[in-house]
Amino acid sequence: MSFIAKPKVAHPSLPRNALGLTRRDYEGGMSTLCAGCGHDSVTAAIVEAIWEMSIRPEQLVKLSGIGCSSKTTAYFDSGGHGFNSVHGRMPSIATGAISANRDLHYVGVSGDGDTLSIGFGQFAHAIRRNLNMLYIIENNGVYGLTKGQFSASADIGTKAKRGEENRQPPVDPVLTALTLGGSFIARSFSGDKEQLVPLIMAGLRHRGFALIDVLSPCVTFNDHQGSTKSYSFIRENYDAVVHADFIAPAQEITASYAAGEAMSVAMHDGSRILLRKLDPSYDPTDRTRAYAYLRSRLAQGEYVTGLIHIDESSPDFHEVSGSSTTPMNQLPYARLSPGSEGLKKILNRYR
């Protein structure tokens with residue numbers, strides 16, 4: 001972990017966007033995640049995307065729940081609005097905020113634990129309501145803050161830090177979103193900035209709920225039994241005089257591969273994941289074929305990456321709910337308050 005304050009000085013030659021702002025203007029606080037964490041690569045991709053889109057910092061709303069992933073919102077766009085909600089309840093907060101003001105950009109960052117376990121119900125209803133937001137899942141298959149238990153996205157056969165093997169089938173957020181009628185569904189890898197940045201930009205421009213499931217390795221829980229440098233070995237063989245912890249630095253994992261190709265990527269613990277980038281001829285508007293394609297590739301042990309499905313005809317949250325086109329903080333008091341007679345009519349509807 002680092003507690004060093006991020007320097008405020010920016011080089012005068014840094015490129016500027018249409019608003020005259022540099023990337024530094026879209027950064028947040030110094031990350032306290034482990035060195036080499038894939039989540040920091042996602043942060044960098046978000047900064048790059050909102051800088052390129054020339055979004056005014058105060059026009060962005062950052063929302064999160066609980067977990068390593070949910071700390072991400074503190075690391076970008078320090079000039080934006082932020083809300084760190086209760087575990088798994090970020091979609092409820094987002095629903096209220098989006099209802100009150102449709103003129104802002106909403107980015108929710110969550111994890112596989114926050115989304116697919118305690119927050120699974122909220123996640124499902126956010127998709128069903130087609131909320132106007134970008135929802136990023138930083139998916140590493142473990143509970144990092146509570147020392148690496150299997151999360152709901154851990155694959156069958158995955159071995160944990162202590163060697164136990166997961167035997168329960170995973171929840172796949174992409175297949176789940178396809179089943180629930182998601183209107184923008186994508187998957188990427190934190191080390192593939194070339195693919196991830198344009199997906200984030202497309203998600204921010206999408207009218208409705210945009211999901212990006214980002215495979216983001218957890219560097220801390222990839223050490224293995226038998227290593228003399230592992231946490232378990234050191235704790236068993238040394239007498240610590242003070243309580244301390246140290247996360248070994250590691251190199252960021254990156255990947256570069258062409259559309260239509262598959263690439264095997266080595267994780268920090270020596271395991272491998274197989275990524276397949278969608279072919280240009282793939283049709284993301286056909287939900288049924290997208291589902292079948294994903295299932296067939298998963299059966300081959302491959303994670304398909306790219307824009308998997310998009311449906312621009314699906315009515316968004318505002319169309320269905322009839323929310324105000326004017327932000328509520330700009331409405332006159334007379335429209336916000338029903339008055340005593342109006343309140344009586346409302347109460348009578350519930351009697």
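All residue numbers refer to positions in the sequence shown, counting from 1.
- Of the possible polar contacts, none joining the D40 side chain to the A35 backbone as a donor-acceptor pair under 3.5 Å is found.
- Of all heavy-atom pairs spanning H318 and I98, the tightest one is CE1-O, 3.2 Å.
- For the pair K62 and F83, the cation does not sit on the ring face, since its NZ or CZ is not both under 6.0 Å from the ring centre and inside 45° of the axis.
- Side-chain atoms of S151 and V142, non-hydrogen and from C-beta on, never get closer than 4.5 Å to each other.
- Between the side chain of S337 and the backbone N or O of Y333, no donor-acceptor pair lies under 3.5 Å.
- In this structure, F184 and D311 have side chains that are not in contact, with every pair of non-hydrogen atoms separated by 4.5 Å or more.
- Contact check for S190 versus P217: side-chain heavy atoms found under the 4.5 Å cut-off.
- The side-chain heavy atoms of L19 and R56, taken from C-beta on, include a pair separated by under 4.5 Å.
- A distance-only check finds a donor-acceptor pair linking the side chain of W51 to the backbone of L21 [under 3.5 Å].
- A salt bridge does not link R207 to E312: none of the charged side-chain nitrogens sits closer than 4.0 Å to a carboxylate oxygen.
- Contact of the F189 side chain with the Q195 side chain is not registered, since no non-hydrogen atoms from C-beta on lie closer than 4.5 Å.
- Closest approach of C34 and T220 over heavy atoms only: SG-OG1, 2.7 Å.
- Although no hydrogens or angles enter the test, the distance criterion places a donor-acceptor pair under 3.5 Å between the side chain of S85 and the main chain of M90.
- Judged purely by atom type and a 3.5 angstrom limit, Q59 uses its side chain to pair as donor or acceptor with the backbone of D103.
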Side-chain atoms of residues 288-299: list all donor-acceptor pairs with protein atoms under 3.5 Å, sequence neighbours left out, distances to 0.1 Å.
| from | atom 1 | to | atom 2 | distance (Å) |
| --- | --- | --- | --- | --- |
| S296 | OG | A292 | O | 3.4 |
| S296 | OG | Y293 | O | 2.7 |

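- Side chains of D112 and V171 form no contact here, defined as non-hydrogen atoms less than 4.5 Å apart.
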Check: residues 113-130 side-chain donor-acceptor pairs under 3.5 Å, at least two apart:
| from | atom 1 | to | atom 2 | distance (Å) |
| --- | --- | --- | --- | --- |
| D114 | OD1 | I66 | N | 3.3 |
| D114 | OD1 | H87 | ND1 | 2.6 |
| D114 | OD1 | G88 | N | 2.7 |
| D114 | OD2 | S110 | OG | 2.7 |
| T115 | OG1 | S110 | OG | 2.7 |
| T115 | OG1 | G111 | O | 3.1 |
| T115 | OG1 | Y135 | OH | 2.7 |
| S117 | OG | Y143 | OH | 2.9 |
| Q122 | OE1 | S92 | N | 3.1 |
| Q122 | OE1 | S92 | OG | 2.7 |
| Q122 | NE2 | S92 | OG | 2.8 |
| H125 | ND1 | R128 | NE | 3.1 |
| H125 | ND1 | R128 | NH2 | 3.0 |
| N130 | OD1 | S183 | OG | 2.8 |
| N130 | OD1 | F209 | N | 2.8 |
| N130 | ND2 | P315 | O | 3.0 |

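- Paired with Y303 under the rule side chain to side chain donor-acceptor pair (under 3.5 Å), one option of D213, D172, D155 passes, and it is D155.
- Nearest heavy atom pair, residue L178 against residue R287, reads O-NH1, 3.0 Å.
- Annotation: side chain of I50 is in contact with side chain of D77 (closest heavy-atom distance under 4.5 Å).
- Formation of a donor-acceptor pair under 3.5 Å by the H309 side chain with backbone atoms of P284 is found in this model.
- Y106 contributes a side-chain N or O that, together with a main-chain N or O of A97, makes up a donor-acceptor pair within less than 3.5 Å.
- Without hydrogens or angle criteria, S64 side chain to S70 main chain gives a donor-acceptor distance under 3.5 Å.
- Scored by the side chain to side chain contact (heavy atoms under 4.5 Å, CB included) test, T22 finds L14, R16, R24, D25 as partners (sequence neighbours excluded).
- Taking 4.5 Å as the limit, some side-chain heavy atom of Y75 sits within range of a side-chain heavy atom of T32.
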